[in-house]
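Working notes, structure below.
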Amino acid sequence: MRKFFIFLLTLFISFQSFSQSILYLNEYRVPIQPSKKSPASYFMIKTASGLSELILTFTMDTVKVFEKREDKNEEGTVIKKIQTEYTDQGALKARTVKDLLTSTNSTETFFLNGHPKSKTTSKAGTIVEELYFDEDGQELSKATKIAPLPKGNMQGWYKYLANNMRMPEDVKRSGLNETVYVKFEVATDGSLDNIHVLNPEEVHTSISKEAIRLLTKYPHQWTPGTLNGVATAMDMILPLRFKYGN
């Protein structure tokens, strides 16, 4: 604990000219008030200065697991987003760069040894480059990739949401329309692992909790994704849109 507070103090001194806030997160990266019964698994620091905003998420052992940076122009419009993910042990996992001025997106994934695993670049929604590598960094031929699917395909997923999604009572009267992004891994047996909220700082905590409930209580196995015909664990990011009246 002493190490944690020293780390926080160091960060705050480093960013003393910035506006700052801190959130404590549970295992699903949903904001909580930590207690003995519900200890925090992560903490998030949000800083802003000038035309940039930086969000950093750490384990309680101060290992960085997530970083998001947004750059704005003089009018306050976001022009670039950079999002980097790490394992809970601190190994680089993925990086996404979105240039909103050129409508260009670039996503890289990495092996645990730090070597690139894949790189995909798209412009205006069209893929213009798609590269794959082995663990030694050697380029591979283009892989045939099929994404995971829930039971009944996406139509079945939407039906599940329509029948089970509930607008939390404490936000019903607020008129909120919010979208929470949930990331998870579909394992080779179709089970869901590493479920967590990607944007807890942007949405109401109760909505984040409901999104996690929907994922953890999903009663079916997914069909795992495949790479060159072989079942492969794959990450998924799904938006869950909560509208007043749900």
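Rounding to the nearest 0.5 angstrom, the gap separating the CG atom in Leu25 from the CZ atom in Phe66 is 11.0 Å. For the atom pair NZ (Lys68) and CD (Glu53), the distance works out to 8.0 Å, reported to the nearest 0.5 Å. Going from atom CD1 of Ile55 over to atom CE of Met44 covers 5.5 Å, rounded to the nearest 0.5 Å. Rounded to the nearest 0.5 Å, atoms OG (Ser122) and NZ (Lys98) are 9.0 Å apart. One finds the CG atom of Leu23 at 9.0 Å from the OG1 atom of Thr57 (value rounded to the nearest 0.5 Å). The structure places CG of Leu100 at 9.0 Å from CD of Glu70, a figure rounded to the nearest 0.5 Å.
The two residues Thr179 and Asn199 make their nearest non-hydrogen contact at O-ND2, 3.1 Å. Across Pro39 and Ile32, no two heavy atoms sit closer than the pair O-CD1, 3.8 Å. Leu92 approaches Tyr86 most closely through the heavy-atom pair CA-CD2, 3.7 Å. Counting all heavy atoms, side chain and backbone alike, Pro200 lies closest to Ser208 at CA-OG, 4.4 Å. For the residue pair Asp170 and Ser206, the shortest heavy atom distance occurs at OD2-OG, 2.6 Å.
Contact check for Lys151 versus Trp157: no side-chain heavy atoms found under the 4.5 Å cut-off. The shortest side-chain heavy-atom distance between Lys72 and Ser52 does not fall under the 4.5 Å cut-off. Contact annotation: the side chain of Val180 never approaches that of Glu210 to less than 4.5 Å [non-hydrogen atoms, C-beta and beyond]. Ile127 has its side chain out of reach of Thr121: every pair of non-hydrogen atoms, C-beta onward, lies at least 4.5 Å apart. Residues Val30 and Ile212 form a side-chain contact, since some pair of their non-hydrogen atoms from C-beta on lies under 4.5 Å apart. In this structure, Lys183 and Met236 have side chains that are not in contact, with every pair of non-hydrogen atoms separated by 4.5 Å or more. Looking at heavy atoms from C-beta onward, Lys119 lies in side-chain contact with Ser106 at the 4.5 angstrom threshold.
Under a 3.5 Å cut-off, the side chain of Thr77 and the backbone N or O of Asn73 do not form any donor-acceptor pair. Not one N or O on the side chain of Glu85 forms a donor-acceptor pair closer than 3.5 Å with the backbone of Arg95. Asp134 contributes a side-chain N or O that, together with a main-chain N or O of Gly137, makes up a donor-acceptor pair within less than 3.5 Å. Put simply, the side chain of Glu139 never gets that close to the backbone of Tyr132: no donor and acceptor are under 3.5 Å apart. Put simply, the side chain of Asn113 gets close to the backbone of His115: a donor and an acceptor are under 3.5 Å apart. No donor-acceptor pair under 3.5 Å is formed between the side chain of Asn153 and the backbone N or O of Gln155. With hydrogens and angles disregarded, no donor-acceptor distance shorter than 3.5 Å links the side chain of Glu185 to the backbone of Leu192. Judged by distance alone, the side chain of Thr226 and the main-chain N or O of Val230 form no donor-acceptor pair under 3.5 Å.
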Evaluation steps, side-chain contact (heavy atoms from CB on, under 4.5 Å), between Lys159 and Leu161: CA-CA 5 Å; Lys159 182 178 179 180; Leu161 293 181; over 6 Å; no
Report the C-alpha separation of Thr232 and Lys145 in whole Å, then their side-chain angles, then the decisive distance to 0.1 Å, and conclude whether the side-chain contact (heavy atoms from CB on, under 4.5 Å) test is met. CA-CA 9 Å; Thr232 305; Lys145 182 178 179 180; over 6 Å; no
Checking Thr104 against Asp99 for the side chain to side chain donor-acceptor pair (under 3.5 Å) test, could you report, in this order, the C-alpha distance in whole Å, the side-chain angles of both residues, the deciding distance, and whether it holds? CA-CA 5 Å; Thr104 302; Asp99 189 326; over 6 Å; no
Could you walk me through whether Leu240 and Tyr181 pass the side-chain contact (heavy atoms from CB on, under 4.5 Å) test, one step at a time? CA-CA 6 Å; Leu240 299 182; Tyr181 290 90; over 6 Å; no
Taking it one step at a time, do Val65 and Phe58 satisfy side-chain contact (heavy atoms from CB on, under 4.5 Å)? CA-CA 5 Å; Val65 295; Phe58 301 86; 5.9 Å; no
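Ion pair Glu129/Lys123 not flagged as a salt bridge, since none of the NZ, NE, NH1 or NH2 atoms sits closer than 4.0 Å to an Asp/Glu carboxylate oxygen. Remark: Asp235 engages Lys93 in a salt bridge, criterion side-chain N to carboxylate O under 4.0 Å.
Sparse packing is recorded around NZ of Lys80, with 12 or fewer heavy atoms of other residues, nucleotides or ligands lying under 6.0 Å away. Shown here is Tyr28, whose OH atom has no more than 12 heavy atoms of other residues, nucleotides or ligands within 6.0 Å. The neighbour count for Leu51 CG, taken as heavy atoms of other residues, nucleotides or ligands under 6.0 Å away, is above 12. Open room surrounds CZ on Arg69; 12 or fewer heavy atoms of other groups in view lie less than 6.0 Å from it.
No donor-acceptor contact under 3.5 angstrom links the side chains of Ser41 and Asn26, judged on distance only. For Thr109 and Ser118, the side-chain atoms include at least one donor-acceptor pair closer than 3.5 Å. Side-chain contact, Thr59 with Asp88: no donor N or O sits under 3.5 Å from an acceptor N or O.
For Tyr160 and Tyr218, the ring centers sit closer than 6.0 Å to each other.
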